[in-house]
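A, B, ... follow the sequence lines: proteins, then strands. Residue 1 opens every chain.
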Amino acid sequence: MSVDLSKYKKDFPILHRKVRGDNPLIYLDNGATSQKPESVIAAESNFYRTINSAVHRGAHLLAEEASQAYESARENLANFIGAKTDEVIFTKSATESLNMIAYSLGNPDSKFNVSAGDEIVVSEMEHHANLIPWQQLAKRSGAKLRWFSITKDGRLDTSNIDTLINKKTKVVAITHQSNVFGTIVPLTEITKAAHAVGAVVVLDACQSAPHFAVDVKKLDVDFLAFSGHKALGPTGVGILWGRTELLEKLEPALFGGSMVDSVSMEGATWAKAPRKFEAGVPNMAQAVGLSAAIDYLNMVGMETIAGHEADLTKQLLDGISKISGVDVIGPLDMKDRGGVVSFTVDGVHPHDVGQVLDQYGIAVRTGHHCAWPLMRKLNLVGTTRASFHLYNDSSDITALLAAIEQVKIYFKVGK
Amino acid sequence: MELDSLYQEVILDHYKSPKHKGLSEQKDIQVHHNNPSCGDEVTLNLLMSGQIVKEISWDGIGCSISMASASVMSELLIGKSYQEAIKILDAFVELMQSKGQSVGDENLLEDGVAFAGVSKFPARIKCALLGWMAFKDASAQVMA
């Protein structure tokens with residue numbers, strides 16, 4: 001039975017906008033970024049209005065209050081993913097988180113590192129942000145980059161996992177949920193194989209953590225990254241989580257103020273994590289804003305959100321299956337699948353599909369979704385993607401399906 | 001509907017039946033341009049005969065706007081002198097930057113004026129310019 005989340009829509013000011021004439025905004029581009037509730041906008045703004053000052057520095061009241069707000073945000077984030085507080089590092093984005101970890105793992109001074117002869121495993125359905133940093137690490141270190149393939153229905157092909165993950169493997173960097181297909185990967189199988197050979201698992205949780213409950217202990221991963229802005233939070237803040245024992249072994253990737261234990265003209269030593277990985281004055285207002293977003297998600301409930309998005313996904317998959325010439329790219333069933341649906345319209349380029357949908361006030365993503373190698377593999381120029389969050393409802397799907405019919409009429413394709 | 005100002009009939013016709021699509025053997029140069037934000041690609045072969053644009057052939061994948069624009073461009077520029085071609089190209093670029101304020105010079109741009117509406121959709125301007133920029137690049141290299 002589906003849950004009614006309609007009372008929450010009013011909390012998101014942007015959803016009251018009319019676009020392209022008198023159309024109410026139907027925002028289905030949550031895979032790219034989510035909208036923000038009033039409480040998040042207020043939290044970020046109030047930081048500047050009341051306690052703005054550089055955290056962990058000054059000897060004054062504002063610095064004390066700002067530091068407290070910032071560290072409370074860290075604690076809140078840690079609880080959200082089932083982690084220890086000191087294991088949560090604030091970055092500027094998930095992209096920065098993944099680059100940082102790849103850089104730290106490539107430093108020969110790190111007590112756990114990737115070097116020539118080692119192997120790094122990714123998958124064909126990674127977002128560029130969880131592909132290119134590893135390509136670059138392989139290039140710098142002389143390690144070999146290998147990858148999981150995908151099956152025809154858009155799932156991870158683990159048939160060769162026993163050879164793919166072997167004793168040379170040092171890192172397995174994988175998406176939790178594909179931003180193109182919505183596929184949730186079989187993580188247990190991957191973590192078991194990786195840990196059996198002493199490799200670490202880096203999880204890109206950008207599409208999962210904002211949409212369903214994620215617990216780093218249950219998932220048994222070693223590092224995890226996600227962005228604040230996809231989780232109802234502000235832009236400019238991301239999360240990097242790592243196990244304490246691993247964070248201790250790693251050299252930081254960024255150097256500067258705040259991250260040191262001691263400094264002389266000849267050299268420096270590092271503070272303990274998380275400070276070691278947070279050089280410079282951090283994005284404090286954004287971290288506090290993200291904490292308010294986490295409060296909001298917790299208030300609605302991650303289980304509730306996941307159930308709601310599953311209902312919408314099913315409604316859209318069913319609806320598309322009834323439209324000729326429109327094909328879902330990715331799993332057609334609901335097994336291990338999140339609230340992301342990619343599709344193509346025969347004879348109409350995704351960019352043109354998106355343009356017509358926009359005319360009806362429907363915001364979707366079109367193109368290669370920063371997963372260009374995947375599009376090449378599928379022999380597609382791109383797809384149109386609808387992705388949900390808690391404020392979407394059944395009427396949004398009905399409107400989308402009707403607009404897809406209009407796309408076909410407009411471009412005179414099919415019946 | 002606002003959309004009709006973008007998707008003029010002329011554009012949809014060129015999209016369905018593009019002109020000079022399919023790469024010709026004869027060429028002085030081949031260039032490949034793509035649009036990394038949306039993945040659209042155009043490969044263009046250019047053959048000059050002295051100052052005259054003798055042949056343009058192209059192939060590509062992309063949206064209706066990018067493909068139709070490459071089609072119109074090739075039809076318009078073949079047979080023109082290099083100087084005339086650049087004049088037309090500049091007029092087309094200016095039309096694209098007009099933010100919907102210009103209807104374009106039909107004497108100069110012919111079917112190209114159908115793209116005037118594109119200038120109201122900032123995200124699509126780069127689509128309309130893809131083939132034109134490929135020509136600009138190719139011709140500049142040949143004429144250098």
Original post:
How close do B:C127 and A:H351 get, heavy atom to heavy atom, and via which atoms?
Top reply: SG-CE1, 3.8 Å

Original post:
At a heavy-atom separation under 4.5 Å, does B:S66 approach chain A through its side chain, its backbone, both, or neither?
Top reply: neither

Subject >> For B:D40 against A:H349, the heavy-atom pair lying closest together >> reply: OD1-NE2, 3.2 Å

Original post:
So, for A:F411 and B:L12, which heavy atoms are closest and what is the spacing to 0.1 Å?
Top reply: CE2-CD2, 3.5 Å

Subject >> Toward chain B, the part of A:R365 with a non-hydrogen atom under 4.5 Å >> reply: neither

**OP:** Report yes if some heavy atom in the side chain of A:Y410 is under 4.5 Å from a heavy atom in the side chain of B:D4; otherwise report no.
**Re:** yes

Original post:
If you count the non-hydrogen atoms of other residues, nucleotides and ligands that lie under 6.0 Å from CZ in A:R17, is the total more than 12?
Top reply: no

Subject >> Selection from B:K16, B:M67, B:E41 maximising heavy-atom pairs under 4.5 Å formed with chain A >> reply: B:K16

Original post:
How about A:W372: does its CH2 atom have over 12 heavy atoms from other parts shown lying under 6.0 Å from it?
Top reply: yes

Original post:
Does atom CD of A:Q406 have more than 12 heavy-atom neighbours, drawn from other residues, nucleotides or ligands, at distances under 6.0 Å?
Top reply: yes

Original post:
What do you reckon, is CD of A:Q135 surrounded by more than 12 foreign heavy atoms closer than 6.0 Å?
Top reply: yes

Original post:
Is any side-chain heavy atom of B:R124 less than 4.5 Å from a side-chain heavy atom of A:D352?
Top reply: yes

Original post:
From A:Q355 CD over to B:L3 CG, what is the distance, rounded to the nearest 0.5 angstrom?
Top reply: 6.5 Å

Original post:
More than 12 foreign heavy atoms under 6.0 Å from NZ of A:K377: is that the case here?
Top reply: yes

**OP:** Tell me, for B:Y7 versus chain A, whether the close heavy atoms (under 4.5 Å) come from the side chain, the backbone, both or neither.
**Re:** both

